[in-house]
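Here the structure is laid out as structure tokens; the discussion comes afterwards.
Just follow the structure's listing: the first ligand is 1, and inside any ligand the first atom is 1. It should be emphasised that the depicted structure is a prediction, and the values quoted were computed from it without experimental measurement.
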Amino acid sequence: MAKAPGKTPGKKPVRRIKPEQLRSKAWFDNPANADMTALYIERTMNFGLSREELQSGRPIIGIAQTGSDIAPCNRHHIELAARVRDGIREMGGVPFEFPIHPIQETCKRPTAALDRNLQYLSLVEILYGYPLDGVVLTTGCDKTTPAQIMAAATVDIPAIALPGGPMLNGSFRGERTGSGTIVWKARQMMAAGEIDYKGFVELVASSAPSAGHCNTMGTASTMNSLAEAMGMTLPGAAAIPAPYRDRYEMAYLTGKRIVEMVWENLIPSKILTREAFENTIVINSAIGGSTNAPVHVNAIAKHIGVKLDNEDWTKIGYEIPLLVNLQPAGEYLGEDYYRAGGLPAVIAELIEKGKLKPAITANGKTLEENCKGAFSIAREVIKSYDQPMKAQSGFLNLSGNLFDSAIMKTSVITPEFRKRYLENPKDPMAFEGRAIVFDGPEDYHDRIDDPALAIDEHCILFIRGVGPIGYPGAAEVVNMRPPDYLIKKGVTALACVGDGRQSGTSGSPSILNASPEAATGGGLALLKTGDKVRIDLKKRTANILISDDELAERKSAFKASGGYKYPKSQTPWQEIQRKIVDELSEGMVLKPAVKYQKIHKKFGVPRDNH
Ligand SMILES: CC[C@@](C)(O)[C@@H](O)C(=O)O
């Protein structure tokens with residue numbers, strides 16, 4: 001059941017903003033600028049809005065609509081928006097729904113990550129350039145959550161996220177099938193000859209039975225949970241499955257609350273503090289969140305002006321145990337998670353152990369105030385802090401001559417993987433292996449089953465040229481399956497390393513987001529198939545085992561060759577972004593965009609348009 005937005009009934013909200021201070025007044029009700037006001041208001045009235053609605057001091061609330069037929073994970077936001085509108089109207093606001101650049105993770109080629117910054121940029125222009133006093137961000141599919149929060153951070157007007165929620169549980173012949181996760185499993189089953197193409201599609205489609213985003217703890221559930229963790233949603237908003245009636249109630253409550261936030265001037269910079277980001281890292285470990293989280297959360301921090309880097313993810317998050325038994329780290333799915341208590345139950349566990357800091361959230365209360373009294377009603381799904389799924393489950397940030405920073409998700413290390421790579425009594429938590437290097441996914445698919453590579457169970461698979469510049473956009477291609485002859489022998493995962501990303505639904509214990517990427521001259525570009533590589537999880541290092549002289553020689557030969565070769569840009573945006581995008585460890589942000597912070601406060605409203 002959705003929680004109330006946290007205001008005491010009957011108690012008047014703290015009004016910090018007077019009607020005459022509303023941002024939208026500069027467009028719609030400004031007698032000192034009568035000729036322009038007329039132009040701004042006449043076209044807005046042409047679909048039936050009255051002067052009374054636009055000129056009597058009511059907040060104008062944007063609803064950033066991410067749903068469409070090409071964005072199925074967010075498509076039901078089209079219906080949810082009706083309830084958001086009801087809430088806004090009830091509190092005296094006027095809703096202005098508008099479409100934003102669509103992003104669908106599973107369909108956009110060459111990768112949806114290319115569009116995160118495009119959605120960000122275009123939303124900044126809308127939030128800043130139109131008469132909006134506050135905004136509801138309709139979040140869901142992976143990138144739609146960070147992109148919109150990044151934009152709200154840059155403009156810094158009151159904003160609240162409304163997650164769309166996960167799909168209902170998938171099921172096939174009585175077994176749970178989790179979206180994304182089942183794809184990687186089915187791929188292995190097909191490689192092992194257990195299913196054919198038809199069986200493959202049937203199995204995978206069973207994991208997507210309704211509206212909503214991935215029902216696993218993939219990137220979508222992660223980022224929506226983290227939006228809640230950082231305080232950008234109402235409490236309990238992330239986990240409600242998309243088709244549940246509670247989701248529609250949450251939409252209504254979110255619409256009500258944004259109007260109050262406008263009057264309270266509760267802007268993102270008051271919510272997105274260093275403490276909020278630290279809480280976000282802790283919560284990400286406890287839920288077994290996606291390796292895409294550091295990329296997006298670091299980006300949000302950059303746009304609001306809070307210092308945060310991949311070292312913070314290890315320092316703050318590594319020790320935290322895994323509490324949520326959801327695929328890919330565990331076995332359950334979204335509906336089980338919601339019924340067990342959702343994120344509030346996880347937060348309550350962490351608060352009891354003093355792991356979270358006081359930080360204000362969208363309803364004006366702290367996480368602690370919001371989640372007091374929440375508890376897990378299904379211990380098989382949400383574990384207690386003292387009896388977790390896994391003891392330390394955060395990310396390890398590694399560095400060495402291969403890269404300055406890359407992330408490893410430890411919660412998905414299987415006992416089999418641990419035994420094969422990490423339980424050498426003479427060298428615990430470290431392993432050395434022969435590198436097999438692929439340049440992009442096409443090269444990987446062409447050669448992975450080639451017997452000439454003689455890949456064995458101690459090899460380490462590398463993929464490069466798949467970062468923000470190389471791909472372009474940083475594709476989710478680092479979860480590489482072993483060759484089929486190894487899968488048939490029962491080796492289901494090899495250590496994988498790459499300068500791209502991995503799907504949050506993948507259970508592969510890969511080393512990802514390597515920065516700098518090969519395309520900008522990172523160490524991966526110097527690696528050759530057959531090199532010995534050492535990964536030491538205790539020291540958090542990753543190195544090619546060659547002499548300094550040889551490394552220097554390879555570096556100069558690489559420079560002389562003109563650098564790493566990657567495909568030409570195919571669209572204007574690919575070319576533009578390639579020129580200005582930062583590394584994955586830096587949040588893959590557009591470098592020139594970061595200096596534009598709190599722009600509403602800094603610049604006021606933009607100049608008139610005529
Ligand atoms: C295929 C599964 C996706 C679309 O959710 C993935 O991008 C993720 O990171 O979780």
For the rings on Phe438 and His445, is their centre-to-centre separation under 6.0 Å? no

Side chains of Thr216 and Thr505: do they bring a donor and an acceptor to under 3.5 Å? no

Within-cut-off N or O pair, [X] and ligand 1, under 3.5 Å:
X: Glu476; result: yes
X: Gly504; result: yes
X: Ser290; result: no
X: Thr106; result: no

Do NZ/NE/NH1/NH2 and the carboxylate oxygens of [X] and [Y] come within less than 4.0 Å?
X: Arg176; Y: Glu331; value: no
X: Lys108; Y: Asp115; value: yes
X: Glu311; Y: Arg540; value: yes
X: Glu586; Y: Lys302; value: yes

Could you list which atoms of ligand 1 come closer than 4.0 Å to a heavy atom of [X]?
X: Asn292; answer: 9 (O)
X: Gly218; answer: 10 (O)
X: Asp142; answer: 3 (C), 4 (C), 5 (O), 6 (C), 7 (O), 8 (C), 9 (O), 10 (O)

Who's the nearest protein heavy-atom neighbour of [atom], and how far?
atom: atom 4 (C) of ligand 1; value: Glu105 CG, 3.1 Å
atom: atom 5 (O) of ligand 1; value: Cys214 SG, 3.2 Å
atom: atom 1 (C) of ligand 1; value: Ser503 OG, 3.9 Å

Any heavy atom of Thr219 under 4.0 Å from ligand 1? The part involved is both

Arg501 and side chain to side chain donor-acceptor pair (under 3.5 Å): which partner among Asn513, Asn479, Asn292? Asn292

For Arg481 versus Tyr444, what's the shortest heavy-atom pair and its separation? N-OH, 2.9 Å

